[in-house]
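Only one structure is covered here, and it is reproduced in the block below.
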Amino acid sequence: MQNLLHNLNEEQLAAVTLPAQSALILAGAGSGKTRVLTTRIAWLIQTGQTSQSGILAVTFTNKAAKEMTARLSAMLPINTRGMWIGTFHGICNRLLRAHFKDAGLPQTFQILDSQDQLSAIKRMLKALNVDDEKYPPRNLMYFINSAKDQGLRAKDVDAADDYNRKFVELYELYDQQCQREGVVDFAELLLRTYELLSRNQPLREHYQARFRHILVDEFQDTNDLQYKWLKLMAGPHGAVFAVGDDDQSIYAFRGANVGNMSAFEREFKVENLIKLEQNYRSHGHILDTANELIANNSKRLGKNLRTDAGHGEQVRIYESISDLAEAQWIIEQVKNLIAEGWGRSEIAILYRSNAQSRVLEHALFSSAIPYRVYGGQRFFERAEVKHAIAYLQLMDNLHNDSAFLRVVNFPTRGIGAKALEQLQDAARQYNCSLYAAVPYVAGKAGSSLNAFIKLIEGARFESQHMPLQEMVKLVLERSTLMTHYQSEKEGADRIENLEQLVSAATLFVSEEGFGLDAPAFLGPQALASAGTGITLGDGIEIIDADASLVTLMSPLSAFLSHASLEAGDNQAQAGQDALQLMTVHSAKGLEFDAVFITGLEEGLFPHENSAKEEGGVEEERRLMYVAITRARKRLYMTFSQTRMLHGQTRYNLRSRFFDELPEDSIKWLSSKVVKQPNSWFAHPKAAWVETPESGNNKIAQGFNRQGSEWRIGQGVAHAKFGEGVIVNIEGDGGSTRAHINFGKFGMKLLDLSVAKLEKVG
DNA sequence: CAAGGCCATAGACCG
DNA sequence: TATGGCCTTG
């Protein structure tokens, strides 16, 4: 115990040893929040206040959950397997597997990732003959997900007009389709669990009594449903230990509600609010810069980071002529750093949007500096892997129409659009799955469909007693996926990924403790007894930490869940000493000795779209705050007068955020006013500002050219298009064009030297 | 059924 | 600039 608390500072110690009541920990960047969380858990267990089965710890990412588990194992001599530490989705999956019957789900329910969800929606719209121009699948998906994220079923959504009523109706039909097919989307995992527990009193009380200590990481990222979920889980007596930082709330766009922090304080009757303001990461000038910037936000819970590390170096600011020049300058600096002995992997280049990485990558490639780009496609999202997974899904749940359609004709086996149309008609007529509808299709189409069914059933039968990894191999062969890619010219990578899928299965089986030779399917007896808590035959038991709950899950089901819930590495592999490139969003939670924040221009950072969103600029500022606080020792900020974007040159103003930094902590490496080759100049003041109410007031200062002062935000009148407003101005020295929004005539791109425009207002 | 051409589009992200 | 979706054509 002594050594457990030994290295904590006063604030951390206070947080770790709080009484068993709900508490809010405001944990600043680099203040040791993960440490506080894990030590809190260890302390609760070690002091006998709870056993390890009484703890529920929730995170947003698998990475965070893994890290927490690993640190905890290092702290306590306990087996962390079976502990309830996981993501919201992972924990819900676990609960739904254990209580699938009460939740109204089939035992082999499968999880749709967002790709699957979108294709399920497209498929539904097609079947219903809905005009997908009028009701775009993406919009419907967004509509459904945000309703679910607020805990609303279709019947709970108030439709303002006919258009919205259609969305509500489609939402309802989508849910029915999912239910029929035995699939759940991500939001459904949470909503279904929430409904299960609110409806089922004994179950609710069981878990409320069990989890007396609930710990939540990154609380500022919770959405409305997650908040309600936590409230339900905690019940009247549970203690929720919420750790978060309102200044690092950067996910409003996916439903996160920072307001949950103050709601939590109020509704959970928080008596202890502890601020962790001691920063162990960054030098003084860097922290001062972050503090001063974020002070420009209103509605903060209030927090100021401090450090004992001393001022350190000032923040270096550099202005360049072009994005190319910016990249080259950065590379020069990187080379110098490396020559001075800074580790390559301790240097990060951050950008606001992915499109910015191209120039940087190109320049890095030319100078032969090893680098790694975060983001991009993940393992289980690759097409070939998804195909293989779909075969497995279909074998585990024959009624998964999404999986059926994905592979019924891949690799091609002569089942075309006509055949599928017949099949879908039959399925509709008999209200059954595509699989079940096959016997109703006659003729040539029927026989090729039958051959496909034989393929799936044959593979299913033969792999019955096979361990998972053998089953995967069999599927790759039987489906002819392997031979298909072998004959493809550029299939080598895909083959490699498919081989890696076999390794992933092997690894999964051994890590989850199934036993390498346990069959992938549950035996028939196990299936029959599922949900009773008793296992028979060769069923696989997943025994919970307190042994009170036995979940029956086949290795195959578990692996398929794993594939959906952990799409795999989305980030650069560790190992090689390489420079790190990533967006600011994906840098959250990481830290580096030296950081470059690039492209600090109006329209880019803050991003132009943020002007239209309520509170958008404040979120951009928090994003900037996150970026700054990634740096330990050295921080660079760069911006460029011109930038290639979508194939045309844009002339941007420097970011308003420069005006919000403390003079003493920054150092301009380029002179403050750089002469422009073509009379453009960066305006020293912010181009457009957000007013708290409207949030989208573009008061813009553009540029000045040949005495005609067209500026962004200028009202204009045109003979044909009527009145409009200048939204953006661009040019390449030769001609100058303006994007003008003419309302009902839409957006026009006009040459300012040609178009006859008058100023209005 | 697959390949090739045309057009629109362009933000950040995890499960 | 580059990618994805859709349509036409072989």
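The structure displayed is predicted, hence computed values, not measured ones. Only heavy atoms go into these numbers, but all of them, side chains included; no hydrogens, no water, no symmetry mates. Each chain gets a letter, A, B and so on, in the order its sequence line appears, and its residues count up from 1.
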Self-check item: ring pair (Phe, Tyr, Trp, His ring centres under 6.0 Å) evaluation trace for A:Phe88 with A:Phe60
Solution: CA-CA 6 Å; A:Phe88 277 100; A:Phe60 277 86; 5.3 Å; yes
Self-check item: Criterion ring pair (Phe, Tyr, Trp, His ring centres under 6.0 Å) on A:Phe452 and A:Phe404, from CA distance to verdict
Solution: CA-CA 10 Å; A:Phe452 175 67; A:Phe404 187 102; 5.4 Å; yes
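If you measure from atom OH of A:Tyr625 to atom P of B:dA12, you get 24 Å, rounded to the nearest angstrom. Nucleotide B:dC14 holds its P atom 12 Å from the CZ atom of A:Phe186, rounded to whole Å. Atoms CD (A:Gln377) and P (B:dC13) sit 14 Å apart, rounded to a whole Å. In this entry the distance linking CG of A:Leu560 with C1' of B:dG15 reads 16 Å, nearest Å. The CD-P distance, from A:Gln117 to B:dC14, rounds to 17 Å in whole Å. Put simply, CG on A:Leu590 is 14 Å from C1' on B:dC13, counting in whole angstrom units. Distance A:Tyr374 OH to B:dC13 P: 13 Å, rounded to the nearest Å. Going from atom CD of A:Gln648 over to atom P of C:dA2 covers 14 Å, rounded to whole Å.
If A:Ala567 and A:Asn409 are placed on DNA chain B by their nearest nucleotide, the residue sitting closer to the 5' end is A:Asn409. Mapped onto DNA chain B by nearest heavy atom, A:Ser586 and A:Arg413 fall at different nucleotides, with A:Arg413 at the one closer to the 5' end.
Partners of A:Lys386 under the side-chain hydrogen bond (donor to acceptor under 3.5 Å, both in side chains) rule, at least two apart in sequence or in another chain, are A:Asp113, A:Asp116. Remark: A:His585 engages A:Tyr251, A:Phe253 in a ring-ring contact (aromatic ring centres under 6.0 Å, His included) (not counting sequence neighbours). Considering only residues two or more places apart in sequence or on other chains, A:Phe186 meets the ring-ring contact (aromatic ring centres under 6.0 Å, His included) condition with A:His89. The side-chain hydrogen bond (donor to acceptor under 3.5 Å, both in side chains) search around A:Glu181 returns A:Arg123, not counting sequence neighbours. Qualifying side-chain hydrogen bond (donor to acceptor under 3.5 Å, both in side chains) partners for A:Arg71, counting only residues two or more places apart in sequence or in other chains: A:Glu67. Residues passing the side-chain hydrogen bond (donor to acceptor under 3.5 Å, both in side chains) test with A:Thr638, sequence neighbours excluded: A:Glu326.
Applying the salt bridge (charged side-chain N to carboxylate O under 4.0 Å, His left out) test to pairs two or more places apart or on separate chains, none has a residue in residues 410-424 of chain A. Within the structure, every pair that satisfies the side chain to side chain donor-acceptor pair (under 3.5 Å) test and touches residues 130-146 of chain A, not counting sequence neighbours, is listed here: A:Gln117-A:Asn145.
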Validation: residues 480-487 of chain A side-chain donor-acceptor distances under 3.5 Å, sequence neighbours left out:
| unit_1 | atom_1 | unit_2 | atom_2 | d |
| --- | --- | --- | --- | --- |
| A:Thr483 | OG1 | A:Thr480 | O | 3.1 |
| A:Ser487 | OG | A:Thr483 | O | 3.3 |
| A:Ser487 | OG | A:His484 | O | 3.0 |

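Within 4.0 Å of A:Leu112, counting heavy atoms only, lies no atom of the nucleic acid at all.
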Write down the protein N/O and nucleotide N/O pairs, taken from nucleotides 3-9 of chain C, whose separation is under 3.5 Å; answer none if there are no such pairs.
none

Restricting to nitrogen or oxygen on both sides, can you table the protein-nucleotides 7-11 of chain B pairs closer than 3.5 Å?
| unit_1 | atom_1 | unit_2 | atom_2 | d |
| --- | --- | --- | --- | --- |
| B:dA10 | N3 | A:His646 | ND1 | 3.1 |
| B:dG11 | O4' | A:His607 | NE2 | 3.2 |
| B:dG11 | O6 | A:Glu613 | OE2 | 2.2 |
| B:dG11 | N1 | A:Glu613 | OE2 | 3.3 |
| B:dG11 | N2 | A:Arg352 | NH1 | 3.1 |
| B:dG11 | N2 | A:Glu620 | OE2 | 3.0 |

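The residues A:Glu620 and A:Arg656 are annotated as not salt-bridged, no charged nitrogen and carboxylate oxygen being separated by less than 4.0 angstrom.
Taking a 4.0 Å limit (strictly below) on heavy-atom distances, residues 251-260 of chain A reaches DNA chain B at A:Tyr251, A:Phe253, A:Arg254.
The P atoms of B:dC13 and C:dG4 are separated by 16 Å, rounded to the nearest whole Å.
Listed nucleotides: B:dA2, B:dG15, C:dT1. Nearest to the side chain of A:Thr412: B:dA2.
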